[in-house]
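Scroll down for the structure; my scribbles are underneath it.
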Amino acid sequence: MHKTISAGADQARRAALNVIDRFGIESAEEVHLESITWAMDVDVREGNLKNSEAQLLRKGSAGIIRIRKGESATPRGRFSIGHELGHWVLHPNENQFWICTEDQIHRYQGSTMEVQANVFASELLMPTPIFGPLCRNGSMDFKLADYLAAEFRTSLQATTLRMIDETDEPAIAILTDGDRVCWSKRNQCKLPDFEFHIEKGRELHEETHAWSATLDGDASDWVDARAWFPSLRDSHRYRVFEDVRYIEAYELTLSLIVVHEE
């Protein structure tokens, strides 16, 4: 299953980069979704959607992407458009009418095809040839994430996940709800060992900044490695720097941690 998802993600990434090449995009401001969708015979329309974040209707060689009213130019709306465009490019024969929920698009849950559509959107909005060098030249923290999010017109969450892909630091992004881990993503090139995996559903340790973010808000400081990795062998050799953002609108916390070996 993991190999299938990985292969699907690679396919989605290549497909998005083909679009970048096709339109000669060389900078963040040149990612014009309106021009891209128009050239692909896909019309983007805003409307009042119920029980879905975005929709894609395919009829022959033409399509319509519908997203929530007033969101087409927002980071959230742009990612939704990129997600549906991913379905348009990658899954022409799978379904003629896609209805995608918030969980599938913005909480990164769902089938392999939904994962592919998210990977496509991330690569399209934050192309590796442009995004990667900017990410690798900076410290892995939310100050850099804020800068990149503004530059690429993407959400903090989507930007942070792309940073994990491109950074040359041993970093992990974690979304939590105050009590437990919702999901995590680590740079597996720099942290290949499974003991650095933070599984979904794990209860938060009270020494993590994520645990106290509901009351204390944003924080940035060192924490004991065992707070995040209780089973880590020779944990005394490691230190963890945790940068935290509390997302009040959703009552969720996004943590960005970097593992330092001493």
Side-chain angles (χ1 to χ4, degrees), residues 9 12-13 16 20 25 27-34 36-37 44 46 49 52-55 65-87 100-110 114-128 130-132 134-135 138 140-167 171-177 181-187 210 213 217-218 220 243-257:
R13 226 170 259 118
I20 295 299
I25 295 170
S27 64
E29 58 268 23
E30 291 178 2
V31 183
H32 298 299
L33 291 182
E34 302 85 353
I36 293 170
T37 53
V44 177
E46 294 185 348
L49 300 183
S52 65
E53 190 75 10
Q55 298 174 354
I65 292 175
R66 297 187 68 224
I67 64 168
R68 293 183 182 277
K69 191 173 182 178
E71 288 200 352
S72 60
T74 67
R76 187 183 185 90
R78 281 168 52 80
F79 197 90
S80 294
I81 293 170
H83 178 98
E84 299 304 332
L85 200 60
H87 284 311
C100 299
T101 65
E102 178 183 359
D103 282 347
Q104 291 169 333
I105 298 177
H106 301 293
R107 292 179 185 263
Y108 295 79
Q109 299 173 3
E114 296 300 335
V115 172
Q116 280 186 297
N118 270 343
V119 171
F120 180 95
S122 295
E123 187 67 59
L124 180 67
L125 296 175
M126 296 167 280
T128 296
I130 306 167
F131 186 91
L134 295 174
C135 180
M140 194 66 173
D141 55 25
F142 283 124
K143 182 178 180 181
L144 176 61
D146 285 336
Y147 165 75
L148 293 174
E151 192 77 7
F152 289 84
R153 293 170 288 164
T154 48
S155 69
L156 182 66
Q157 176 176 299
T159 305
T160 302
L161 287 171
R162 282 293 284 129
M163 288 168 61
I164 294 296
D165 286 333
E166 298 300 330
T167 186
I172 306 173
I174 311 139
L175 188 73
T176 60
D177 63 6
V181 173
C182 301
W183 54 251
S184 70
K185 180 179 181 179
R186 77 183 190 274
N187 184 313
D218 299 349
S220 183
D243 202 1
V244 164
R245 283 288 176 87
Y246 180 59
I247 309 170
E248 187 173 1
Y250 300 100
E251 297 183 339
L252 296 170
T253 299
L254 187 61
S255 293
L256 186 53
I257 69 174

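Since we're looking at a predicted model, the values are computed, not measured.
How far CG of Leu85 is from OG of Ser80: 12.0 Å, rounded to the nearest 0.5 Å. To the nearest 0.5 Å, atoms OG1 (Thr128) and CD1 (Ile20) are separated by 9.5 Å. Taking NE2 from His83 and CD from Glu114, the interatomic distance works out to 4.0 Å, rounded to the nearest 0.5 Å. To the nearest 0.5 Å, atoms OG1 (Thr160) and CE (Met140) are separated by 7.0 Å. Taking OG1 of Thr159 as the start and CD1 of Ile164 as the end, the distance is 12.0 Å to the nearest 0.5 Å. Rounding to the nearest 0.5 Å places CG of Leu161 at 9.5 Å from CG of Leu156.
Although no hydrogens or angles enter the test, the distance criterion places a donor-acceptor pair under 3.5 Å between the side chain of Asp141 and the main chain of Leu144. Judged by distance alone, the side chain of Arg78 and the main-chain N or O of Arg153 form a donor-acceptor pair under 3.5 Å. Remark: the backbone N or O of Phe142 is paired with a side-chain donor or acceptor of Asp243 at under 3.5 angstrom.
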* To do: Before giving the answer on side-chain contact (heavy atoms from CB on, under 4.5 Å), spell out for Tyr246 and Glu251 the whole-Å C-alpha distance, their side-chain angles and the decisive distance to 0.1 Å.
  => CA-CA 7 Å; Tyr246 180 59; Glu251 297 183 339; 3.8 Å; yes
* To do: Determine, stepwise, if the pair Gln116 / His87 fulfils side-chain hydrogen bond (donor to acceptor under 3.5 Å, both in side chains).
  => CA-CA 8 Å; Gln116 280 186 297; His87 284 311; over 6 Å; no
* To do: Would you check, one step at a time, whether the test side-chain contact (heavy atoms from CB on, under 4.5 Å) holds for Phe152 with Val31?
  => CA-CA 8 Å; Phe152 289 84; Val31 183; 5.7 Å; no
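Of the candidates Met163, Met126, Lys143, Glu166, Met163 is the only one forming a side-chain contact (heavy atoms from CB on, under 4.5 Å) with Leu148.
The two residues Ile67 and Ser72 have their closest heavy-atom pair at CD1-CA, 3.3 Å. Across all non-hydrogen atoms, the minimal contact from Val244 to Gly217 is CG1-O, 4.3 Å. Listed here is the closest heavy atom pair of Ala213 and Thr253: CB-OG1, 3.5 Å. Contact between Phe79 and Ser122 at its shortest, heavy atoms only, is CE1-OG, 3.5 Å. Closest approach of Gly82 to Ala121, counting heavy atoms only: C-CB, 3.5 Å. Residue Ser27 comes nearest to Ile130 through the heavy atom pair N-CD1, 3.5 Å, listed as atom of the first residue, atom of the second, then distance.
Of the charged side-chain nitrogens involved, at least one lies within less than 4.0 Å of a carboxylate oxygen, so that Glu123 and Arg162 count as a salt-bridged pair.
By the neighbour-count criterion of 12 heavy atoms within 6.0 Å, atom CD of Glu30 is densely surrounded, having more than that number from other residues, nucleotides or ligands.
Residues Gln157 and Leu252 form no side-chain contact, since every pair of their non-hydrogen atoms from C-beta on lies 4.5 Å or further apart.
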